Amino acid sequence: MSHFAGFAIYLIGTLMFMPALTYAGEPECVCAVGCRSNREKVEVFIRTLYDDYVFGDKNFEEVKPFMPLSLVNRMQGIYKEETDGQGYAVWLLRSGLQDGPSEVNRVDTVIPEAAGWYRVRFTDMGNKGEHSYKALVRDGQVFVEDFR
């Protein structure tokens with residue numbers, strides 16, 4: 001093996017295991033085989049958040065560590081005010097409408113915008129809805145920094 005080939009393998013191996021701290025819209029790495037871009041990671045995270053926790057029945061406690069504390073506290077406070085119990089007002093992430101013309105719940109698009117923001121357009125019981133999330137990818141894991 002040539003010195004160059006050995007160095008190239010070392011360099012690629014090093015880059016594959018370097019921790020990343022970048023905004024979600026930026027590529028995490030360009031050389032590692034199978035490396036998923038931060039944009040793709042954020043889209044998968046948001047689709048899973050909606051499919052499993054917003055529209056689904058999985059426990060929001062599982063994704064709480066990846067959400068901003070201000071949003072988690074707000075969701076807990078509203079839930080307690082409206083139900084007198086413990087939980088999270090996950091309905092804040094939905095369209096805001098009680099019922100809809102169908103049972104269709106899905107994420108339609110996740111559109112990257114400037115400075116790590118992603119616009120999420122979804123269908124909630126047949127009603128169209130939209131929210132924006134600011135996401136950060138750290139060590140391959142998506143964290144939501146802000147929500148509007």
Side-chain angles (χ1 to χ4, degrees), residues 9-148:
I9 291 170
Y10 169 78
L11 182 61
I12 289 172
T14 303
L15 290 175
M16 285 176 57
F17 297 106
M18 287 179 75
L21 183 59
T22 59
Y23 279 95
E26 300 171 6
E28 183 174 45
C29 59
V30 294
C31 61
V33 176
C35 178
R36 182 180 271 182
S37 73
N38 286 348
R39 178 179 169 183
E40 290 171 311
K41 288 177 185 176
V42 170
E43 182 170 347
V44 167
F45 178 89
I46 290 172
R47 287 183 182 279
T48 302
L49 172 69
Y50 273 82
D51 290 345
D52 294 350
Y53 301 93
V54 177
F55 299 138
D57 58 1
K58 285 194 173 182
N59 187 345
F60 188 79
E61 215 33 66
E62 295 172 12
V63 292
K64 180 178 130 180
F66 309 105
M67 306 298 281
L69 187 58
S70 59
L71 176 61
V72 170
N73 289 341
R74 183 172 151 218
M75 292 171 75
Q76 284 179 312
I78 290 171
Y79 189 91
K80 187 173 182 170
E81 285 175 17
E82 294 193 19
T83 68
D84 232 8
Q86 297 283 337
Y88 302 93
V90 178
W91 61 81
L92 295 176
L93 308 179
R94 296 183 77 149
S95 67
L97 299 172
Q98 182 77 19
D99 295 310
S102 75
E103 295 297 315
V104 175
N105 293 314
R106 69 171 179 256
V107 172
D108 298 315
T109 59
V110 178
I111 304 163
E113 296 182 332
W117 282 95
Y118 289 79
R119 182 176 310 275
V120 180
R121 292 187 175 131
F122 54 89
T123 301
D124 178 8
M125 296 183 71
N127 298 305
K128 297 296 181 187
E130 182 176 296
H131 290 298
S132 292
Y133 293 83
K134 185 171 186 179
L136 172 76
V137 177
R138 184 180 322 123
D139 295 329
Q141 177 60 55
V142 176
F143 295 89
V144 173
E145 290 189 314
D146 204 355
F147 165 82
R148 58 181 182 218

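The structure displayed is predicted, hence computed values, not measured ones. Hydrogens, waters and symmetry mates play no part in the numbers below; they use all other heavy atoms, side chains included. One-based numbering along the sequence shown.
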CD of E43 to OG1 of T109: how many Å apart, nearest 0.5 Å? 8.5 Å
Sequence neighbours excluded, which residues qualify as side chain to side chain donor-acceptor pair (under 3.5 Å) partners of E103? none
Heavy-atom closest pair (G129 atom, S95 atom, distance to 0.1 Å) is CA-CB, 4.3 Å
Salt bridge (charged side-chain N to carboxylate O under 4.0 Å, His left out), that's the test. Do K58 and D52 meet it? Break it down for me. CA-CA 6 Å; K58 285 194 173 182; D52 294 350; 3.7 Å; yes
Could you tell me which residues satisfy side chain to side chain donor-acceptor pair (under 3.5 Å) with Y53, sequence neighbours excluded, listed by chain and number? E62
Are the side chains of P112 and R39 in contact, using a 4.5 Å heavy-atom criterion? yes
R121 side chain to V107 main-chain N or O, any donor-acceptor pair under 3.5 Å? no
For a side chain to side chain contact (heavy atoms under 4.5 Å, CB included) check, start with the C-alpha distance between Q141 and D139, then their side-chain angles and the critical distance, and finish with the verdict. CA-CA 6 Å; Q141 177 60 55; D139 295 329; 5.8 Å; no
Answer whether the closest heavy-atom distance between the side chains of V120 and E130 falls below 4.5 Å. no
Report yes if the distance between the aromatic ring centroids of Y133 and Y118 is under 6.0 Å, otherwise no. no
Determine, step by step, whether D146 and W117 satisfy the side chain to side chain contact (heavy atoms under 4.5 Å, CB included) criterion, reporting the C-alpha distance in whole Å, the side-chain angles of both residues, the deciding distance to 0.1 Å, and the verdict. CA-CA 9 Å; D146 204 355; W117 282 95; 3.6 Å; yes
Looking at F143, is R138 sitting on its ring face, NZ or CZ under 6.0 Å from the six-membered ring centre and within 45 degrees of the normal? yes
Considering only distance and modelled atom types, tabulate donor-acceptor pairs under 3.5 Å from the side chains of residues 69-78, sequence neighbours left out.
residue : atom : partner : partner atom : Å
N73     : ND2  : L69     : O            : 3.4
Q76     : NE2  : Y88     : OH           : 3.4

Separation between CE of M67 and CZ of F60, rounded to the nearest 0.5 Å: 4.5 Å
Within-4.5 Å side-chain heavy-atom neighbours: K134 and V144: no
Just to verify, what does T123 make a side chain to side chain donor-acceptor pair (under 3.5 Å) with, not counting sequence neighbours? D108, K128
Go through the structure and list residues passing side-chain contact (heavy atoms from CB on, under 4.5 Å) with Y79, not counting sequence neighbours. T83, A89, W91
Rounded at 0.5 Å granularity, tell me how far CZ in R94 sits from CE in M125. 7.0 Å
With a 4.5 Å limit on heavy-atom distance, are the side chains of L97 and D124 in contact? no
Minimum heavy-atom distance N105-F55, with the two atoms named: CB-CG, 3.5 Å
Going through the distances and angles, do R148 and H131 end up as a side chain to side chain contact (heavy atoms under 4.5 Å, CB included)? CA-CA 6 Å; R148 58 181 182 218; H131 290 298; over 6 Å; no
Hey, are the side chains of V54 and L49 touching, using non-hydrogen atoms and a 4.5 Å cut-off? yes
Please list, chain by chain and in numerical order, all residues satisfying side chain to side chain donor-acceptor pair (under 3.5 Å) with N127, sequence neighbours excluded. none
